[in-house]
Amino acid sequence: MTFRALPGFRDFAPEDLAFRTHIFAAWRRVAVRYGFAEYDGPPLEPLDLYTAKSGDEIVGQLYNFTDKGDREVSLRPEMTPTFARMVAERANGLKKPIRWFAIPQLFRYERQQRGRLREHFQLNCDLVGEPGPLADAEVIALAIDVMRELGLAHEQFRVRVSDRRLLDALFTALGITAEQKPAAMQMLDKFGRSEYAKAESAFIEAGGRVASVEFLLKELRQATTWSTLLEHGAKHEGVAAALAEEHPLRETLAALEAMGLGDYIELDLSIVRGLAYYTGTVFELFDVERSLRAICGGGRYDALLASLGGVDLPAVGFGMGDVVLGELLKERGLRPDAPPSVDVIVAAVTPDDMPFVLEAAHALRDGGLGVEYALAPQALGKQLKLGDARGARLAVVIGPDDRAQGAVMVKHLADKTQTAVPRDTLVAHCRSLLTLNG
RNA sequence: GUGCUUGUAGCUCAAUCGGUUAGAGCGCCGCACUGUGGCUGCGGAGGUUGCGGGUUCGAUCCCCGUCAGGCACCCCA
């Protein structure tokens, strides 16, 4: 009988966990740099928490079951409802804007593919209580800085940004009614893909004229900056007028430019994302080659907290998963080498030296150093080889001849030099050598 | 959940038209090497060819099912 992890679930051997920890550490460093405070919540929640807003169809995607107390429960598929509840409970007492982040493990019951499992970790950053465009810029900048922190440059990824409010204004200018807008949105989302025909017929069924969207699909969609959007838009009177209005997205883009992050940003009106959630800015982060799925997605959801938790506060946030991000880092050679498991290997020349090895090893451990030694008698060469394999920088060799002088040998494994050191200064000696060599 | 595709050692891959005992590199363990390591050489362990069934004298190879991975759809945390 052999067992393996459930489909879509991962084992993390030390090497894998080290990589995950590397990603988490970058997430935390950057989030904290932006003044975000970490929180967490239960991985298991009442099923209602998710069906209340999204309806019963979502159950197909949930990892849900009935517990022994006959409660309908689900592993959390996303953090936002939990976040909404926690914020609602204390919103009155929290200084605005609220900047919170979490690194939850999330679960979805669906068929796995590359970059998409049944379980993953996700950096969730949310900024609550500020409706203005600088809040949007703030969270987008955070997402970009996470990527930079992990060693990725603007040649390797882009944030594509759009805005529901802008799109809405453009649709109106093009004569598309409120009822036709969702179908028009689908057309935008599917443009250039095999499913486009389906979206188009849905739009026609809603009474839309395809010609009305064409200007948006063929012209405006090409624009990747605000100024090119204005250029393209000038060809259409109504659109030009709509673009002349005040638009928060324009200010958000300008703010990112002012931060020096302009190279990472592309305006992209085809970014749609979940229709139910987002009310304003929407954005996705992609690798430049687009060989992978979106690394990160988010936007403004000003109505969601009220509908979920009862506090009527505007909010903007994003989620960034560890799976696609990890794949990208590996592809770009940005997976760091496993850190050394010990600082020092202590080696016995003869079996008679073993008690002295144990004594010295323990003293070094008490001194805060990572120490290993061979657990069975071995040739000295093999013991040094063990030290190499463990990434130790120092070897302490203990043998009868040196012992007779009250000394031990301390060897630098990298440059192969060694010096005799009095036993009673060994710990201090090793500590200073390790500190000096960083 | 639907369609297509792939599955050989821990990893990456071979194996003629369906043919006899399924191989190699890397990794792992041991020896050369009993006061000094990374190299080299030699040796060893490791396989129910994902699993089950069928066709055949004979199946890693052909057929069916199933499980798992990949791609697309659905969905987008």
Side-chain angles (χ1 to χ4, degrees), chain A residues 1-2 4-9 13 15 45 49-50 53-55 57-63 74-83 102 104-124 186 189-190 193-195 198 271-278 282 284 291-294 296-299 301 304 317-324 327 345 347-353 374 377-404 408-418 420:
Chain A
M1 192 69 183
T2 63
R4 58 176 132 180
L6 257 13
F9 285 76
E15 198 183 280
E45 292 275 17
L49 185 64
Y50 305 111
K53 190 69 190 82
S54 313
E57 10 8 310
I58 196 181
V59 175
Q61 312 266 42
L62 294 181
Y63 227 104
S74 176
L75 290 167
R76 60 187 174 197
E78 55 165 326
M79 200 57 178
T80 308
T82 304
F83 173 73
Q105 188 174 24
L106 304 175
F107 305 86
R108 278 205 139 181
Y109 197 91
E110 63 181 354
R111 195 146 157 190
Q112 70 156 321
Q113 286 180 42
R114 183 174 189 218
R116 162 170 247 188
L117 308 175
R118 286 183 169 180
E119 149 273 319
H120 75 157
F121 292 89
Q122 189 181 70
L123 171 66
N124 263 253
Q186 283 295 314
D189 189 31
K190 306 289 185 199
R193 291 201 274 161
S194 56
E195 274 61 41
K198 214 195 294 181
I271 296 296
V272 171
R273 298 197 62 76
L275 293 173
Y277 258 61
Y278 297 111
V282 287
E284 292 185 341
S291 59
L292 300 168
R293 291 161 201 286
C296 161
Y301 51 98
L304 190 68
F318 70 84
M320 178 187 290
D322 71 313
V323 182
V324 177
E327 304 245 1
I345 185 83
V349 174
T350 70
D352 290 341
D353 300 312
Q378 278 182 338
L380 185 53
K382 291 204 61 164
Q383 298 180 65
L384 294 176
K385 212 177 261 189
L386 178 65
D388 290 326
R390 296 295 198 239
R393 279 183 289 158
L394 296 180
V396 173
V397 178
I398 300 180
D401 301 347
D402 301 311
R403 261 201 292 121
V408 296
M409 296 301 285
V410 174
K411 178 165 190 169
H412 252 109
L413 286 168
D415 49 32
K416 303 185 157 207
T417 59
Q418 63 180 1

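Hydrogens, waters and symmetry mates are skipped; everything else that's a heavy atom, side chains included, is used. Just so we're on the same page: letters track the sequence lines, and every chain starts at 1.
Both D415(A) and Y109(A) sit near RNA chain B, but only Y109(A) has its closest nucleotide nearer the 5' end.
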Give me the distances for all protein-to-nucleotides 30-34 of chain B N/O pairs that come in under 3.5 Å?
unit_1: G30(B); atom_1: OP1; unit_2: K382(A); atom_2: NZ; d: 2.9
unit_1: G30(B); atom_1: OP2; unit_2: K382(A); atom_2: NZ; d: 2.9

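Rounded to the nearest 0.5 Å, atoms CZ (R118(A)) and OH (Y63(A)) are 5.5 Å apart.
Nucleotides G47(B) and A24(B), compared at atom C1', are 15 Å apart to the nearest Å. Here the separation of U21(B) from G35(B), taken at their P atoms, is 49 Å to the nearest Å. Taking atom C1' in both A15(B) and C73(B), one finds a spacing of 37 Å when rounded to whole Å. Using C1' as the reference atom, G54(B) and G30(B) are 45 Å apart when rounded to the nearest Å. Atom name P, nucleotides U6(B) and G25(B): the rounded distance is 29 Å, in whole Å.
Residue G319(A) is classed as having no contact, given no heavy-atom separation below 4.0 Å to the nucleic acid. Looking at heavy-atom distances under 4.0 Å, L386(A) makes no contact with the nucleic acid at all.
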Open item on the list: Only Watson-Crick and G-U wobble pairs with both distances less than 3.5 Å should count. Give RNA chain B in dot-bracket notation, marking inter-strand partners with |.
Closed with: (((((((..((((.....[...)))).(((((.......))))).....(((((..]....))))))))))))....
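No donor-acceptor contact under 3.5 Å links the side chain of Q383(A) to the base of U36(B).
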- [ ] Sugar-phosphate means primed atoms, P, OP1 and OP2; the rest is base. With that split, encode nucleotides 72-77 of chain B 5' to 3' as B, S or - using protein heavy atoms under 4.0 Å.
- [x] BBBBBB
